[in-house]
Chemist: 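Pasting a structure below so you can have a look.
Counting begins at 1 with the first residue of the sequence.
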Amino acid sequence: MLNRQQAPDFKQVSTINFIQPEKKVMDNGVPVFTIYSGEQDLVRIEFIFENVNWKLEKPLQAIAVSALINNGTNKLTSKEIAEQIDFYGAFFQTEYVQDQSLVTLYTLNKHLHSVLPIVKDVLSASQFPQHELDIYIQNQKQKLQVNLKKNDILSRKEFANALFGDTAYGVNIKAEHYDALKREDLLEYFKAAYAPNNCTIVVSGKFNDAAFNLLNGAFGKDWEKSSAVKNSFNFNTTDKQVIYVEKPEALQSAIRIGQLAINRKHEDFSGLQILNTVLGGYFGSRLMNNIREDKGYTYGIGSGISSLQQAGYLFIATEVGADVCSAALTEIYKEIDILKNELIGEEELNLVRNYMLGSMLGSLENVFSHADKFKNIYFSGLDYDYYTNYIETVKSITAEELLALANKYFTTEHFTEVVIGKK
C-alpha cells in the first residue's frame with residue numbers, strides 16, 4: 001500500500017526527445033519547416049518576418065504594421081477579414097517582437113483551402129486604411145499615458161533604453177512617435193518586410209503533402225519580393241549606471257537591475273541559465289527565499305536571462321514597499337556577492353537540476369511547443385546539439401564552474417540599476 005506520509009524519491013529526468021522538423025521549400029524559395037503530429041485535425045502556420053530597415057526617426061513602423069496588417073486589404077475590410085476567419089472556426093493573430101514580426105494562423109486542416117487565400121491577401125495586399133490608423137494612434141496614446149503611471153513599466157522602459165539606447169531593442173517610445181505615424185510609412189515598411197525573401201514558415205500539427213501543396217499554391221507564387229536590410233546593432237558594456245525616478249507619492253518602488261550579457265549562441269549560456277535559476281529563476285530561488293520569504297519586502301522577485309539575435313542581457317526585477325527599497329537593494333547585491341564567493345551546496349544544486357530538466361520536459365507538452373523550441377535555435381543559427389549540450393550541462397555542471405561563471409558575468413560594477421518610486 002502507498003505510504004502517503006512518505007515523500008517519493010527524486011528521480012532525475014533521463015531522456016528528453018524533441019520532434020525535429022521536416023524542411024521543404026516553396027516554388028518561390030520560402031523555407032517551410034513542418035513539425036508533424038497527426039493526432040488532431042488542427043494546424044498552426046506561422047509566417048515569420050525578420051525586422052528590417054530600422055530608422056530612429058520612425059521607431060514605430062514595424063510595430064504599427066504588425067498591429068494593423070489585418071485591418072483591411074484592397075479586397076476585404078477588417079470586419080470582413082474577421083468574419084471570414086471566424087466562419088471557418090480559425091484564429092488569426094499578429095505579434096511583434098524585437099527581432100521578428102509574426103503572423104499566425106490556427107485552423108482545422110479541412111479548412112486550409114478556404115482560409116489560406118484570406119491570409120495571402122493580408123500578407124500581400126494590406127492597405128492600412130487611414131481611419132484604422134487614426135483609431136490605433138488614439139488608443140495607443142491613451143494606453144501609453146496609463147502605462148507611464150505604472151512604476152514597473154517605467155522601470156522596464158528605462159532599463160531597456162539604458163542598455164540598448166535608441167535601437168529597436170531599447171528606444172523610448174513617446175506620444176509624439178504615435179503622432180508622427182503616416183500611412184505611407186506603414187505601406188513602405190509592409191512592402192519591404194512582408195515579402196517572400198524575408199519570410200520563414202513554421203508549421204505544426206496535422207500537415208501532410210496535400211496541405212503543403214495548398215500552402216505552396218497560395219504563397220509559392222504571385223508574391224512580390226523586396227530589397228530590405230535586416231536590422232543590425234552593436235552594444236557595448238558600460239560602467240555602472242544608476243537611474244532613479246522619484247515619485248514622492250509612491251507606496252511601492254519598482255526595481256530593475258542587470259547588464260548586457262551573452263545570448264544563446266555562446267558556449268556559457270546554458271551554465272549561466274543554471275546560475276540564474278539559483279539566483280532568481282524559480283520559486284525556490286535565493287532571491288525569493290531572502291526578499292520574499294524571510295524579509296517580506298515583496299510579493300515576488302525574479303531574475304532572468306534574455307537571448308536576442310544580436311545581444312543578451314540578464315536582469316533582476318521586483319516591486320517592493322517604498323520604505324524598504326534601499327534594504328531590498330542591499331539584499332539583492334548581497335545574494336549576488338554570495339554566489340561570487342561561496343560554492344553552491346550539492347543539495348541545492350541537485351534541486352535546481354531536477355527543476356530545470358523537469359521544466360524542459362514539461363515545456364514539450366504538445367506539437368506547438370516543439371515548434372517553439374525549434375524556432376529558438378533556428379533563429380539563433382543553432383541546431384539541436386544546443387539542447388543536447390544544455391541537458392548535459394544541467395546534469396553535469398559543478399559548483400566550482402558556477403562560481404567561475406558568477407565572477408565572470410555578475411560584474412556588478414557594470415550593472416544598470418533602475419528604481420522608480422522612492423528609496
Chemist: Go through the structure and list residues passing salt bridge (charged side-chain N to carboxylate O under 4.0 Å, His left out) with D179, not counting sequence neighbours.
Modeler: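 Per chain and number, D179 pairs via salt bridge (charged side-chain N to carboxylate O under 4.0 Å, His left out) with K141.
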Chemist: Taking D294 for the side chain and N289 for the main chain, is one N or O donor matched with an acceptor at less than 3.5 Å?
Modeler: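 No; zero donor-acceptor contacts below 3.5 Å.
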Chemist: What distance do N71 atom CG and L133 atom CG have between them, rounded to the nearest 0.5 Å?
Modeler: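 Rounded to the nearest 0.5 Å, the CG-CG separation comes to 10.0 Å.
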Chemist: Please list all pairs meeting side chain to side chain donor-acceptor pair (under 3.5 Å) that have one or both residues in residues 316-328, counting only residues at least two apart or in different chains.
Modeler: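 Passing the test, one end in residues 316-328: T298-T318.
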Chemist: Hey, could you give me each pair passing side chain to side chain donor-acceptor pair (under 3.5 Å) that has a residue in residues 115-127? Not counting sequence neighbours.
Modeler: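 Sorted pair list: T73-D121.
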Chemist: Would you kindly say whether Y409 and D268 are connected by a side-chain donor-acceptor distance under 3.5 Å?
Modeler: yes
Chemist: So do L308 and Y169 actually touch side chain to side chain, heavy atoms under 4.5 Å?
Modeler: yes
Chemist: Run the numbers on I153 and L148 for side-chain contact (heavy atoms from CB on, under 4.5 Å), then give the verdict.
Modeler: CA-CA 7 Å; I153 293 178; L148 290 178; 6.0 Å; no
Chemist: Between the side chain of N70 and the main-chain N/O of V122, is any donor-acceptor distance below 3.5 Å?
Modeler: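 Not confirmed, N70 side chain does not pair with V122 backbone.
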Chemist: A side-chain contact here means heavy atoms from C-beta on lying under 4.5 Å apart; do N236 and N234 qualify?
Modeler: no
Chemist: Ion pair present between K375 and E46, side-chain N to carboxylate O less than 4.0 angstrom?
Modeler: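 A salt bridge links K375 with E46.
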Chemist: Please check if the distance between the ring centroids of F128 and F190 is under 6.0 Å.
Modeler: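 Yes, they do, as the ring centres are separated by less than 6.0 Å.
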Chemist: Say whether, by atom type as modelled, one donor and one acceptor occur between the side chain of K157 and the main chain of I173 under 3.5 angstrom.
Modeler: yes
Chemist: Are any non-hydrogen side-chain atoms of F379 and D99 less than 4.5 angstrom apart?
Modeler: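 No. Closest side-chain heavy atoms not under 4.5 Å.
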Chemist: Kindly state whether the ring of F159 and the ring of F315 have centres lying under 6.0 angstrom apart.
Modeler: no
Chemist: How about CG on D385, more than 12 heavy atoms from neighbouring residues, nucleotides or ligands closer than 6.0 Å, or not?
Modeler: yes
Chemist: Could you tell me whether the side chains of E335 and N290 share a donor-acceptor contact shorter than 3.5 Å?
Modeler: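 Distance-only check passes for E335 and N290.
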Chemist: Measure from the ring center of Y313 to the ring center of F164 and say whether it is less than 6.0 Å.
Modeler: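 Yes, close enough.
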Chemist: At what distance, to the nearest 0.5 angstrom, does CG of D166 lie from CG of L56?
Modeler: 5.0 Å
Chemist: Using side-chain heavy atoms (C-beta onward) and a distance below 4.5 Å, is I332 in contact with I291?
Modeler: yes
Chemist: Is a side-chain donor or acceptor of T77 paired with a backbone partner of E80 at a separation under 3.5 angstrom?
Modeler: yes
Chemist: Does any N or O in the side chain of S303 come within less than 3.5 Å of the main-chain N or O of I316, such that one atom is a donor and the other an acceptor?
Modeler: no
Chemist: Does this structure show an ion pair linking R183 with D134, if we count only N-O contacts that are shorter than 4.0 Å?
Modeler: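 No salt bridge links R183 with D134.
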Chemist: Kindly check if the number of other-residue, nucleotide or ligand heavy atoms within 6.0 Å of CD (E176) is above 12?
Modeler: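 Count over threshold, so yes.
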Chemist: Hey, mind stepping through Q259 and T416 against side-chain hydrogen bond (donor to acceptor under 3.5 Å, both in side chains) and telling me if it holds?
Modeler: CA-CA 6 Å; Q259 67 177 121; T416 291; over 6 Å; no
Chemist: Is there side-chain contact between L105 and R44, with heavy atoms separated by less than 4.5 Å?
Modeler: no
Chemist: Looking at F87, I want to see if its CZ is surrounded by more than 12 non-hydrogen atoms of other residues, nucleotides or ligands under 6.0 Å.
Modeler: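 12 or below, so no.
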Chemist: Salt-bridge test for K422 and E249: reply yes if a basic N is under 4.0 Å from a carboxylate O, no otherwise.
Modeler: no
Chemist: So, does H177 use its side chain to make a donor-acceptor pair with the main chain of K174 at under 3.5 Å?
Modeler: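 Such a contact is found between H177 side chain and K174 backbone.
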Chemist: With a 3.5 Å distance limit and no angle check, can you tell me whether H370 reaches the backbone of I19 through a side-chain donor-acceptor pair?
Modeler: yes
Chemist: Does CD belonging to Q130 count more than 12 external heavy atoms closer than 6.0 Å?
Modeler: yes
Chemist: Establish, from distance only, whether the side-chain atoms of E188 and Q61 form a donor-acceptor pair under 3.5 Å.
Modeler: yes
Chemist: Are any side-chain N or O atoms of D185 and backbone N or O atoms of L181, one a donor and one an acceptor, separated by less than 3.5 Å?
Modeler: no
Chemist: Can you measure from CD1 (I274) to CG (L349) and round to the nearest 0.5 angstrom?
Modeler: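 These two atoms lie 7.5 Å from each other.
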Chemist: Return the OG1 to CD1 distance between T94 and I69, rounded to the nearest 0.5 Å.
Modeler: 7.5 Å
Chemist: Should we say atom CD of Q40 is surrounded by more than 12 heavy atoms from elsewhere, each under 6.0 Å from it?
Modeler: no
Chemist: Check whether any side-chain heavy atom of F49 sits under 4.5 Å from a side-chain heavy atom of T200, and report yes or no.
Modeler: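 The answer is no, as the side chains (C-beta and beyond) never meet within the 4.5 Å cut-off.
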Chemist: Any side-chain heavy atom of S380 within less than 4.5 Å of one from Y386?
Modeler: no
Chemist: Donor-acceptor check, side chain of E95 to backbone of S101, threshold 3.5 angstrom: yes or no?
Modeler: no
Chemist: Please confirm whether the ring centroid of F47 lies under 6.0 Å from the ring centroid of F219.
Modeler: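 Under 6.0 Å, so yes.
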Chemist: Decide yes or no on salt bridge (charged side-chain N to carboxylate O under 4.0 Å, His left out) for E348 and R286, but give the supporting numbers first.
Modeler: CA-CA 10 Å; E348 180 182 11; R286 293 187 176 188; 2.8 Å; yes
Chemist: Could you work out, with salt bridge (charged side-chain N to carboxylate O under 4.0 Å, His left out) as the rule, every residue matching K334, not counting sequence neighbours?
Modeler: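 K334 satisfies salt bridge (charged side-chain N to carboxylate O under 4.0 Å, His left out) with E331 only.
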Chemist: What about Y355 and F283, are their ring centers closer than 6.0 Å?
Modeler: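 They do not qualify: ring centres at least 6.0 Å apart.
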Chemist: Could you state the interatomic distance from CD (Q84) to CZ (F92), rounded to the nearest 0.5 Å?
Modeler: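 CZ of F92 is found 12.0 Å from CD of Q84.
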Chemist: Kindly say whether A254 contributes a backbone atom to a donor-acceptor pair with the side chain of N151 at under 3.5 angstrom?
Modeler: no
Chemist: Does a donor on one side chain and an acceptor on the other come within less than 3.5 Å for T412 and K240?
Modeler: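 Their side chains do not contain a donor-acceptor pair, so the 3.5 Å distance test is not met.
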Chemist: Considering only residues two or more places apart or on different chains, which pairs with a residue in residues 211-224 satisfy side chain to side chain donor-acceptor pair (under 3.5 Å)?
Modeler: D27-N216
Chemist: When you look at NZ of K110, are more than 12 heavy atoms from neighbouring residues, nucleotides or ligands closer to it than 6.0 Å?
Modeler: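 Open.
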Chemist: Does CG in L251 sit with more than 12 non-hydrogen atoms of other residues, nucleotides or ligands closer than 6.0 Å?
Modeler: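 Open: at most 12 neighbouring heavy atoms sit under 6.0 Å from CG of L251.
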Chemist: With heavy-atom distances below 4.5 Å as the criterion, would you say the side chains of S78 and E132 are in contact?
Modeler: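 Yes - at least one pair of side-chain heavy atoms lies under 4.5 Å apart.
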Chemist: Given F269 and Y390, is the ring-ring contact (aromatic ring centres under 6.0 Å, His included) satisfied, shown in steps?
Modeler: CA-CA 9 Å; F269 189 75; Y390 170 86; 8.6 Å; no
Chemist: Quick one: sort the F368 and Y106 rings into parallel, tilted or perpendicular, breaks at 30° and 60°.
Modeler: perpendicular
Chemist: Which atom pairs, donor and acceptor, lie under 3.5 Å between side-chain atoms of residues 203-211 and protein residues at least two apart or in another chain?
Modeler:
{"from": "N208", "atom 1": "OD1", "to": "A210", "atom 2": "N", "distance (Å)": "3.2"}
{"from": "N208", "atom 1": "OD1", "to": "A211", "atom 2": "N", "distance (Å)": "2.9"}
{"from": "D209", "atom 1": "OD1", "to": "K24", "atom 2": "NZ", "distance (Å)": "2.6"}

Chemist: Does any donor atom in the side chain of Q309 or K230 lie under 3.5 Å from an acceptor atom in the other side chain?
Modeler: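 Yes, a side-chain donor-acceptor pair sits under 3.5 Å.
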